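Bear in mind that the values here come from a model prediction, so they are computed numbers and not experimental data. Each chain gets a letter, A, B and so on, in the order the sequences are listed, and its residues count up from 1.
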Amino acid sequence: MIELQTVERVYGDGALGMRALQGVSLTVLSGEFVSIMGPSGSGKSTLLHLVSFLDTPTRGTYRFRGRDTATFSDAERAAIRNKEIGFVFQAFNLLGRMSVYENVELPLLYSSLHPEERRAAIEAAVLSVGLTEKLHLKANTLSGGEKQRVAIARALVCKPSIICADEPTGNLDSVSGAQVMEILRRLNEEGHTIILVTHETYTARYGRRLVTMKDGRIASDERVAGHASAGLSK
Amino acid sequence: MRIRDVIQTSWRGITQARARSLLTMLGIVIGITSVILLLSIGTSATKLLLNQVQGIGSNLIFIVPGATKGSRFSSPPSVQGVVVKTLTAQDTDALSREGSVLRTAPEVRGQAKVVFENNDTTVTFEGTTADFFLVRDLEIARGAAFKESDVLSFNRVAVIGGTIAKTLFGERDPVGKTIHQLGKEGIGPFGVDQDNLVIIPITVAQKQLLGIDYYNVLLIQAHPDYNISYVVSRVTSVFRQTHRITDPSKDDFTVRTQEDALSLLGDITSIMTVFLTAVASISLLVGGIGIMNIMLVAVAERTREIGLRKALGANSRDITEQFLLEAVMLTSMGGVVGILLGSSLVVLLYFILSRVLPTGWFFALPPTAIFLAVAVAALTGILFGIYPARQAAKKDPIEALRYE
């Protein structure tokens, strides 16, 4: 469903520009759990931003569900971010003065879901991360692990096919981190495609495919042993 | 994005920064309040002035010696201090034969010091005929007005205004007392406080005080059966005949009616209204710039929120709408508060001024003022909200999310 062909991303102009990605080609099938690893500055976050329509490639082609994304308008890209992709950030990015419910509701404000169906969608998403009893608490009263679970519920609420997570355990202790990773694994088993950026080997092991990056290029791309790769499709 | 969601989101933005929102509104409140207050005062003052002019008498025509050149705002030379001696008894004689003229009252004016016992005051004296009291519709509080026989026999009698009576006689009844006159000064300006006036027979004023044989002004009361503009044209042709003028551009007199004075006044007051509106608009402009300033701060402060909303699927239009609506909501609320505050101040002002001012005060809350205030408030919100909203929508989601 995601096909990148010799994609480059340059920040700034011309010769002085910073080449964050240099000819990256990557195909991700529906239902995969891909972990992207690499040292800081290797381009892994840039790659995730391109895939999740937060950024656009400078050169190369990005085909999403078989369509070339170069011609997509601002509104189309926003709609794909809303419907197809759920994003989980390292810094949670919750609106602290709003309740858990209101935070999870945010993507629905920009979706076409009928307001009467919202409550059910929000409750289902919050239930799947196990925070139902905290539904009406303000986000800034939660612990880090709980905040990240709210963020996952927010990423889930529009029922996206892909979940992009950028260092989701980076700000968490190991117990909370493991909880978050378990949720992501379960979501993958339920059929969501997961693309995870991390620099921790431990976290990366949850994936069924490991992509390592170095200096804006893909250094290795391998199946992780013990995981079945059946049932995948383009 | 649904309208209800946009409204809710914007409302949340406003309520989450309560102090900032209230201060922003204050600018608009002050602007709208001053628009309403100034327009109301302008309207009331206009009514008051018109009322005063209408109080002079009815169907009045004034003849002033000397021609008026230029616009109707320029004054005839006699008013500017030039002595013109062309208005004489010949003219009053001719007018007395004109059927469309009911009464004529010539006037001469001068200034003198009047004395009673130890009290003295400087007054404008007005020499005229007995008809003057009818033409000007003046009421005599005590005693009686002088008669035509007093005028013909040079009787030294005077009708004095209330202010003078108080200055000279205090609480005593001035009727039958003798006042003295010391020295003389030249002809005074037009338009004096009516209560500070001494009216004496024109013969005394002309021959014994001023030593002249011309008039300063002729007051004509038109016959009520005739249209005032017809009377004006009749009077004009009578004057041209007596003064032997064949070329209208060489007129040596100026005919003015009460309507002229009223319309001149109307011009002055509408200029005043424009001026007041301009002043009020400036305060609204300042309020608007305040809104823009605060909205820009809000946009900068909420950069991460904007980035997040974009990452979650908001497009540029959603963000623009949210921030524009915030600005419009702030100005609208400020507008409502301003209208309420302005209207209450207008009512308060009416109660105070109608008691304090001797002339009274008119209550005026013109609907145009309220309409203007609402329109301007909404426009201010949109105008000064667009720029910050566009700044917000232009933000790149990744950079916005990295913003600390």
Side-chain angles (χ1 to χ4, degrees), chain A residues 9 11 20 45-46 48-50 52-56 72-99 102-116 118 138-140 151 153-158 160 164 166, chain B residues 1-22 297-326 329 386 389-404:
Chain A
R9 180 67 176 98
Y11 295 109
S45 285
T46 304
L48 192 69
H49 291 152
L50 285 182
S52 58
F53 291 88
L54 286 171
D55 201 357
T56 44
F72 286 7
S73 69
D74 169 69
E76 274 176 286
R77 297 165 56 81
I80 293 176
R81 286 198 295 269
N82 186 249
K83 284 184 199 67
E84 300 275 7
I85 293 162
F87 210 100
V88 179
F89 306 89
Q90 179 177 0
F92 324 134
N93 284 321
L94 299 181
L95 297 178
R97 279 179 286 198
M98 290 195 196
S99 68
E102 289 168 325
N103 269 289
V104 177
E105 189 184 23
L106 271 182
L108 294 175
L109 299 181
Y110 306 105
S111 81
S112 52
L113 191 72
H114 197 274
E116 282 169 22
R118 278 186 201 167
K138 291 255 182 289
N140 53 17
R154 181 180 64 193
L156 281 177
V157 75
C158 285
C164 292
D166 190 359
Chain B
M1 212 175 166
R2 285 182 176 78
I3 293 168
R4 224 193 60 174
D5 291 334
V6 184
I7 292 172
Q8 239 170 35
T9 305
S10 301
W11 177 247
R12 237 176 236 154
I14 289 170
T15 49
Q16 275 174 0
R18 218 162 281 163
R20 192 176 61 196
S21 302
L22 286 177
V297 171
V299 166
E301 208 175 69
R302 286 151 68 185
T303 299
R304 276 179 81 90
E305 180 194 324
I306 295 163
L308 174 70
R309 286 180 186 277
K310 284 196 148 185
L312 297 180
N315 56 39
S316 301
R317 221 187 92 188
D318 295 326
I319 301 291
T320 309
E321 280 174 358
Q322 178 190 336
F323 281 90
L324 192 55
L325 192 69
E326 261 183 49
M329 277 164 106
I386 280 180
R390 283 202 179 279
Q391 292 296 310
K394 267 197 335 213
K395 284 189 189 292
D396 175 63
I398 302 171
E399 288 194 10
L401 280 167
R402 279 198 200 116
Y403 185 87
E404 291 300 332

Show the nearest heavy-atom pair for residues [X] and [Y], with the distance to one decimal.
| X | Y | result |
| --- | --- | --- |
| B:Thr320 | B:Ala389 | O-CB, 3.6 Å |
| A:Val88 | A:Ala155 | CG2-CB, 3.9 Å |
| B:Glu321 | B:Val6 | OE1-CG2, 3.9 Å |
| B:Lys310 | B:Ala393 | NZ-O, 2.5 Å |

Heavy-atom proximity to chain A below 4.5 Å, by part of B:Arg302: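 No part of B:Arg302 comes within 4.5 Å of chain A.
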Contacting region of B:Gln322 [heavy-atom separation from chain A under 4.5 Å]: side chain
Go through the atoms of [X] and report whether side chain, backbone, both or neither lie under 4.5 Å from a heavy atom of chain B.
| X | value |
| --- | --- |
| A:Ser52 | neither |
| A:Ser112 | backbone |
| A:Glu76 | neither |
| A:Arg77 | neither |
| A:Phe89 | side chain |

Heavy-atom side-chain contact between A:Asp166 and A:His49 under 4.5 Å: yes
Test log, rule side chain to side chain contact (heavy atoms under 4.5 Å, CB included), inputs A:Leu54 and A:Phe87: CA-CA 10 Å; A:Leu54 286 171; A:Phe87 210 100; 3.6 Å; yes
Contact leader toward chain B among A:Gly86, A:Cys158, A:Ala79, A:Pro115, where contacts are heavy-atom pairs under 4.5 Å: A:Pro115
Selection from B:Ser316, B:Ala314, B:Pro397 maximising heavy-atom pairs under 4.5 Å formed with chain A: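 Highest number of heavy-atom pairs under 4.5 Å: B:Ala314.
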Candidate list B:Arg304, B:Arg12, B:Arg309, B:Gln16, test side chain to side chain contact (heavy atoms under 4.5 Å, CB included), partner A:Leu95, passing option: B:Arg309
